[in-house]
Amino acid sequence: MTEQVNPEASVDAPHIDENHVIAERRDKLKAMRDQAKLTNSAVFPNDFKPEHKAAALHAQYDNFDKETLDPQAIPVSIAGRMVLKRVMGKASFATIQDATGRIQLFVNKENLADANSEAIYESFKHWDLGDIVGATGALFKTKTGELSVKVSTLRLLTKSLRPLPEKYHGLQDQEIKYRQRYVDLITSEDTRNTFKARSQVMAAVRGFMTNNSFLEVETPMLHPIPGGASAKPFSTHHNALDMQMFLRIAPELYLKRLIVGGFERVFEINRSFRNEGLSVRHNPEFTMMEFYAAYTDYHWLMDYTEQCIRAAVIAVHGTAVITYDGKEVDLSQPFERLTIVGAIQKYAPQYTLAQLNDATFLRAEILKHGSKPFDHAGLGALQLALFEETAESQLWQPTYIIDYPVEVSPLARASDANTEITERFELFITGREMANGFSELNDAEDQAARFHAQMKAKEAGDDEAMYYDADFIRALEYGMPPTGGCGIGLDRLVMLITDSPSIRDVILFPHMRAES
RNA sequence: GGGGAGUUAGCUCAGAUGGUAGAGCAGUGGACUUUUAAUCCAUUUGUCGCGGGUUCGAUCCCCGCACUCCCUACCA
């Protein structure tokens, strides 16, 4: 805790966004401080302990009729932020909001128990929307049937110095919603519900994993060698060790070390960091679950991932058929599985199979779509590029794409039937990549060779190519059992489940440029 | 990185074809003892994002910049 400072002194300190409304509230607070000095009482008291919550009271008493409820005079104590206020001479209504919902207070001078009721009522009239209040009283129903608290004691617990957004339209400015999430949360039930759903998703996923004998682990966020994905890392420096470190781009290589160590099923839910562009589906730090299971392969992973996602959707919605951006997404049926070429044939049928196996044709076609030309791409990588240009965005219903080429999958096990492709899949829903998994490469010598190839690519200018991780190779040399591993982008899963158009809508404090 | 849209009172938004701006909410004063975005009367508040240019005069036209949103690119 910080040291106590003289509040009188801080009043003169520079403040941002000051305006006359705030100045008036500061004046009110100053008057409160002066008054508190006289009566030796606290301006910001912390001794009021509410015993009830708005939603629970509504759940319990909304269906009571007035004749039954009023005579019981059920005593309650409740606290929250005052969000609406209607003063009518000698009687007033105020609506307060707590973590669970809203409830109406009926404040009438004659009902106030305090000997000083006249003064309390007069000061209440000058409290502001946004102030935190505590009240005790008896439950009753108004003549329109709304459950309310007939207030007998009323206290201002926290003075609010800043005006709330417009009480009907709320906060509309998207920038302020992201930058000042606290205001967004006060104002928007939609926003509150989105983050409650996010919490439910996390709990459902975690529960699904532990129920299937997975061990939750935490591996380093600071990596001496960034690995496990093709991405540009954030770089930092550790002073005591005097070494460069990177914020992790993926936990993969550490989790596989744990499989080597004998934990046969592990998962981690945590942040990864990628120093790349921001978009409606990319935040520099994002939350991913990666999980690894020994003696499984990518077929098992697809079945399992599907069940996990379905469980998360049902945990929030109670059904696996939901709506995203106005269109239905059906997660109740087995997810479709298509090869890269198969997906192109289905969603871009203008191409013949001969064309899809013609590297020269593919190269020209990809250039036509405005994608960057790449010199060393093999047939598989060219097919993948065309898939991304033509088919990917159309994969609205859950679809697994399989048979990724070895050259873009340096950590995946090659297919026994075709050494050019790997036992790998990516899951797409609403045209977005949601998950990526594969049978893990557990041949230490093959992995070492693939790392060497990545180093060559890096020397040739590919700054997203992987580094050679000698300790990871050493771990594989001890022997890693055959293993399946998968990463699920949880922010994107929450986007899907909460029908959110932007990843920023599911991250409490998304990164923004510095305020000027 | 490239393209498009936006930025007016604390909040939600109008607005003028160039003559320095309004409404509602919030605030303030008043009326009102069952309101529901309470109502009624009165009333305060603005570097019209920032910097240049054109002009007698720019919040409006032109140029540049900043920030936001959307699309696009890299990626999950």
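Per chain, numbering begins at 1; letters A, B, ... match sequence-line order. Since this is a predicted model, take the numbers as computed values, not measurements.
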Anything under 3.5 Å between a donor and an acceptor, one on a side chain of residues 227-236 of chain A, the other on a protein residue two or more places apart or in another chain? List them.
{"from": "Ser235(A)", "atom 1": "OG", "to": "Gln244(A)", "atom 2": "NE2", "distance (Å)": "2.9"}

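Taking the ring centroids of Phe425(A) and Tyr298(A), they lie at or beyond the 6.0 Å cut-off. If you look at Tyr304(A) and Phe214(A), their ring centroids are closer than 6.0 Å. For Tyr468(A) and Phe451(A), the distance between ring centers is under 6.0 angstrom.
At the phosphate of rU28(B), OP1 or OP2 sits under 4.0 Å from a side-chain N or O atom of Lys28(A). Phosphate contact (OP1/OP2 of rA26(B), side-chain N/O of Arg162(A), threshold under 4.0 Å): absent. A close approach under 4.0 Å does not occur between any side-chain nitrogen or oxygen of Lys167(A) and OP1 or OP2 of rU12(B). For Arg86(A), a side-chain nitrogen or oxygen approaches OP1 or OP2 of rA38(B) to under 4.0 Å.
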Do Ser502(A) and Asp505(A) pass the side chain to side chain donor-acceptor pair (under 3.5 Å) test, and can you show the C-alpha distance, the side-chain angles, and the key distance before you say yes or no?
CA-CA 5 Å; Ser502(A) 170; Asp505(A) 297 323; 4.5 Å; no
For side-chain contact (heavy atoms from CB on, under 4.5 Å), just list the numbers for Gln180(A) and Arg162(A), CA-CA rounded to whole Å, side-chain angles, deciding distance to a tenth of an Å, and then say yes or no.
CA-CA 12 Å; Gln180(A) 295 177 245; Arg162(A) 288 180 178 267; 5.8 Å; no
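Under the side-chain contact (heavy atoms from CB on, under 4.5 Å) criterion, Ile340(A) pairs with Ile344(A), Gln383(A), Leu384(A), Phe387(A), Ile401(A), Tyr404(A), Pro405(A), sequence neighbours left out. With sequence neighbours left out, the side-chain contact (heavy atoms from CB on, under 4.5 Å) criterion links Asp98(A) to Lys53(A), Ala54(A), Ile78(A), Thr100(A). With sequence neighbours left out, the salt bridge (Lys or Arg N to Asp or Glu O under 4.0 Å) criterion links Lys456(A) to no other residue. Partners of Gln60(A) under the side-chain hydrogen bond (donor to acceptor under 3.5 Å, both in side chains) rule, at least two apart in sequence or in another chain, do not exist in this structure.
Nucleic acid contact class of Leu493(A) (heavy atoms, under 4.0 Å, all strands): none. Counting any heavy atom pair closer than 4.0 Å across all strands shown, Glu175(A) reaches sugar-phosphate atoms only and no base atom. If you check every strand for non-hydrogen atoms under 4.0 Å, Ile488(A) touches nothing. Residue-level contact check: Phe140(A) touches the bases, meaning some heavy atom is under 4.0 Å from a base atom. No engagement by Met434(A) is indicated, since no non-hydrogen atom pair under 4.0 Å with the nucleic acid exists. Among the atoms of the strands shown, none is found under 4.0 Å from any heavy atom of Glu426(A).
Rounded to whole Å, the C1' atom of rC74(B) lies 32 Å from the corresponding atom of rC63(B). Taking atom C1' on both nucleotides, rC50(B) is separated from rA58(B) by 15 Å, rounded to a whole Å. Nucleotides rA23(B) and rA31(B) are separated by 24 Å at their C1' atoms, to the nearest Å. Look at the C1' atom in both rG3(B) and rC25(B): the space between them is 37 Å, to the nearest Å. Atom P of rC13(B) sits at a distance of 26 Å from the matching atom of rG18(B), rounded to the whole Å. Atom name C1', nucleotides rC60(B) and rU17(B): the rounded distance is 9 Å, in whole Å. Remark: the separation of the P atoms in rU47(B) and rU12(B) is 16 Å, to the nearest Å. Comparing the P positions of rA9(B) and rC48(B) gives an interatomic distance of 9 Å, to the nearest angstrom.
Map Asp173(A) and Arg25(A) each onto its nearest nucleotide of RNA chain B; the residue landing nearer the 5' end is Asp173(A). Residue whose closest nucleotide on RNA chain B sits further toward the 5' end, between Ser148(A) and Asp128(A): Asp128(A).
The aromatic rings of Tyr61(A) and Phe64(A) lie perpendicular to each other, with more than 60° between the two planes, well past the 30° mark.
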Report all interatomic pairs (protein N or O, nucleotide N or O of nucleotides 20-22 of chain B) with separations under 3.5 Å.
none

Distances for protein N or O near nucleotides 30-33 of chain B N or O, under 3.5 Å:
{"from": "rC32(B)", "atom 1": "N3", "to": "Gly89(A)", "atom 2": "N", "distance (Å)": "3.0"}
{"from": "rC32(B)", "atom 1": "N4", "to": "Gly89(A)", "atom 2": "N", "distance (Å)": "3.1"}
{"from": "rU33(B)", "atom 1": "O2", "to": "Asn108(A)", "atom 2": "ND2", "distance (Å)": "2.8"}
{"from": "rU33(B)", "atom 1": "O4", "to": "Glu110(A)", "atom 2": "OE2", "distance (Å)": "2.1"}

Between protein and nucleotides 42-48 of chain B, what N or O pairs are separated by less than 3.5 Å?
{"from": "rU45(B)", "atom 1": "O2'", "to": "His20(A)", "atom 2": "ND1", "distance (Å)": "3.4"}

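Listed by first and then second residue, the salt bridge (charged side-chain N to carboxylate O under 4.0 Å, His left out) pairs involving residues 391-403 of chain A amount to none (not counting sequence neighbours). Evaluation of the salt bridge (charged side-chain N to carboxylate O under 4.0 Å, His left out) test over residues 79-91 of chain A, restricted to residues two or more places apart or in two chains, returns none. Among residue pairs with one or both ends in residues 273-288 of chain A, those qualifying as salt bridge (charged side-chain N to carboxylate O under 4.0 Å, His left out) are Arg271(A)-Glu285(A); sequence neighbours excluded.
Here rC67(B) is the nucleotide among rC11(B), rU12(B), rC67(B) with the atom lying nearest to any side-chain atom of Arg513(A). Of the candidates rA37(B), rC70(B), rU68(B), rU68(B) carries the atom nearest the Met512(A) side chain, counting heavy atoms from C-beta on. The listed nucleotides are rA26(B), rC70(B), rC67(B); the one nearest the side chain of Arg504(A) is rC70(B). Of the candidate nucleotides rU68(B), rA73(B), rA37(B), rA73(B) has the atom lying nearest to any side-chain atom of Ser279(A). Between rU35(B), rC67(B), rA37(B), one nucleotide has an atom nearer to the side chain of Lys143(A) than all others, and that is rU35(B).
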Which string of ( ) [ ] | and . matches RNA chain B, if you list each base 5' to 3' and count Watson-Crick or G-U pairs only when both distances are under 3.5 Å?
(((((((..((((.....[..)))).(((((.......))))).....(((((..]....))))))))))))....
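The base of rU35(B) sits within donor-acceptor range of the side chain of Gln104(A), with an N or O pair under 3.5 Å.
Atom CD of Gln307(A) has more than 12 neighbouring heavy atoms from other residues, nucleotides or ligands inside a 6.0 Å radius.
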